[in-house]
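In what follows, every chain begins at residue 1, and chains take the letters A, B, ... in the order their sequences are listed. All values below were derived from every heavy atom in this structure, side-chain atoms included, with hydrogens, water molecules and symmetry-related copies excluded.
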Protein chains: 2
Amino acid sequence: MELISLHKCLCDRQRLRIVNLLSEGSLCVCHLQEILGENQAKISKQLQYMKKLRVVFARREGVWMVYSLPVPTHPVLLATVEYLRSNEADDFACFAEDLQTRSSILQRYADNIAECPQAVYQSATGC
Amino acid sequence: MELISLHKCLCDRQRLRIVNLLSEGSLCVCHLQEILGENQAKISKQLQYMKKLRVVFARREGVWMVYSLPVPTHPVLLATVEYLRSNEADDFACFAEDLQTRSSILQRYADNIAECPQAVYQSATGC
DNA sequence: ATAATATATGCAAAAAGAAGGATATATAAA
DNA sequence: TTTATATATCCTTCTTTTTGCATATATTAT
């Protein structure tokens, strides 16, 4: 991940929301789609863009593509995520709400693991 | 300064170089022009762009426009500048060289204060 | 093999950004 | 007022992103 590419990713609100969500754990496209309330193609294209710049990383699990942030986290990405959670961000509400939405969605899988890739479920339950 | 605007500024190599330079102290357009080896109009346009997004701040001193970073420094901007100096940046050399060039140029003013705005001279000599 | 679900991609239009060259404005000095 | 220096802006072209819509691919289940 290169510095300029990273900033390119982070200068778009939707990609910033994606990064914020992934910083809590892996997610697949359909989850992002649901949380962000966007059509599938758009989310997928954003993810391809981010993947090409190596800001996110993808692996397949069955029918699902699971996206996550590469570790170790780039210091600038880390600073950005921290800032988003610091309440200092001007438009902070949206990012906090996204994390809430993520939690509720992942709760659903507590009863029905088969509807969700392992990797996502694990990060949801923490085991 | 808003987070998205900040990232917009930082996703361009030239603007990144400008931010890196200003993080050491104020500079006027002609200095940036000389250090970056670019024509005046281009530098000026970049600065207007950055000013509009409130990533830099300008004040006039005689014929000169002195540009600087607003204080306190935004945490994400700080992280970026630190990263640039950490040698981890892929294309690190250019940023370090810029700071060198800046020093040599400011040395000239040690003998001839009149050729340079006070604000710049002060940050050059540290007084 | 077919169907269903999840995800990716191709294409064209729209929007935003970058670059060059010429020119305009502002300040200070003569 | 004229001139010189420093800086800003206009206009046009070129490239890059973004978006919508349709379609293609991949995996799994039937």
Side-chain angles (χ1 to χ4, degrees), chain A residues 4-18 22 26-53 55-68 105 109 112-121, chain B residues 4-18 22 26-53 55-68 105 109 112-121:
Chain A
I4 292 182
S5 305
L6 179 57
H7 285 299
K8 274 191 185 171
C9 278
L10 299 177
C11 70
D12 174 88
R13 161 159 266 94
Q14 197 167 55
R15 288 193 294 263
L16 211 43
R17 289 173 71 186
I18 292 176
L22 294 184
S26 313
L27 284 175
C28 49
V29 185
C30 55
H31 297 144
L32 288 168
Q33 195 179 329
E34 185 174 353
I35 300 173
L36 301 180
E38 266 293 355
N39 68 71
Q40 183 268 319
K42 201 168 160 189
I43 299 288
S44 185
K45 274 181 205 165
Q46 292 281 38
L47 290 169
Q48 298 322 301
Y49 178 85
M50 296 170 85
K51 191 169 92 172
K52 201 173 63 190
L53 300 185
V55 173
V56 301
F57 149 87
R59 70 177 181 291
R60 179 174 285 280
E61 190 177 326
V63 273
W64 296 291
M65 290 297 297
V66 179
Y67 283 86
S68 50
I105 288 181
Y109 300 116
N112 212 336
I113 302 184
E115 283 178 14
C116 165
Q118 273 263 323
V120 174
Y121 174 71
Chain B
I4 294 183
S5 305
L6 178 58
H7 284 300
K8 275 190 185 169
C9 277
L10 300 178
C11 69
D12 173 89
R13 160 159 267 94
Q14 197 167 55
R15 288 193 294 263
L16 212 43
R17 290 174 71 185
I18 292 176
L22 294 183
S26 313
L27 284 175
C28 49
V29 184
C30 56
H31 296 145
L32 288 167
Q33 195 179 330
E34 184 174 353
I35 299 173
L36 301 179
E38 267 293 356
N39 68 71
Q40 182 269 320
K42 201 168 161 190
I43 299 290
S44 185
K45 274 182 213 163
Q46 293 281 36
L47 289 169
Q48 299 321 301
Y49 178 84
M50 297 170 84
K51 191 169 91 174
K52 201 173 63 190
L53 300 185
V55 173
V56 301
F57 148 88
R59 70 177 180 290
R60 180 173 284 280
E61 191 176 326
V63 273
W64 296 290
M65 290 299 296
V66 180
Y67 283 86
S68 50
I105 288 182
Y109 300 116
N112 213 337
I113 302 184
E115 284 179 13
C116 163
Q118 273 264 322
V120 175
Y121 175 70

Tabulate protein N/O versus nucleotide N/O from nucleotides 26-30 of chain D, keeping only pairs under 3.5 Å, one per line.
none

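Between A/A58 and A/M65 the shortest heavy-atom distance is CB-CE, 3.8 Å. Taking both residues in full, the closest heavy atoms of B/S26 and B/V66 are given as CB-CG1, 3.5 Å, listed atom of the first, atom of the second, then distance.
With a 4.5 Å cut-off on side-chain heavy atoms, A/L27 and A/I35 count as touching. Taking the side chain as every heavy atom from C-beta outward, B/C28 and B/Y67 never approach each other to under 4.5 Å. Put simply, the side chain of A/C9 reaches to within 4.5 Å of the side chain of A/M50, judged on heavy atoms. Contact of the A/L36 side chain with the A/Q14 side chain is registered, since non-hydrogen atoms from C-beta on lie closer than 4.5 Å.
Rounded to an integer number of Å, the gap from CG of B/L27 to P of D/dT7 is 11 Å. Distance A/Q48 CD to D/dA24 C1': 14 Å, rounded to the nearest Å.
Of all nucleotides in DNA chain C, those with any atom nearer than 4.0 Å to a heavy atom of chain A start and finish, going 5' to 3', at C/dA6 to C/dC11.
Legend: residues meeting side-chain hydrogen bond (donor to acceptor under 3.5 Å, both in side chains) with B/K51, ordered by chain and number and at least two apart, are absent. For B/Q33, the side-chain hydrogen bond (donor to acceptor under 3.5 Å, both in side chains) test picks out no residue, with sequence neighbours left out. For the salt bridge (Lys or Arg N to Asp or Glu O under 4.0 Å) test, no residue two or more places apart in sequence or in another chain qualifies with A/R15.
The distance from atom CG of A/L32 to atom NZ of A/K42, rounded to the nearest 0.5 Å, is 13.5 Å.
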**Contact state string [nucleotides 16-23 of chain D, B base, S sugar-phosphate only, - no protein heavy atom under 4.0 Å]** = -SSBBBB-
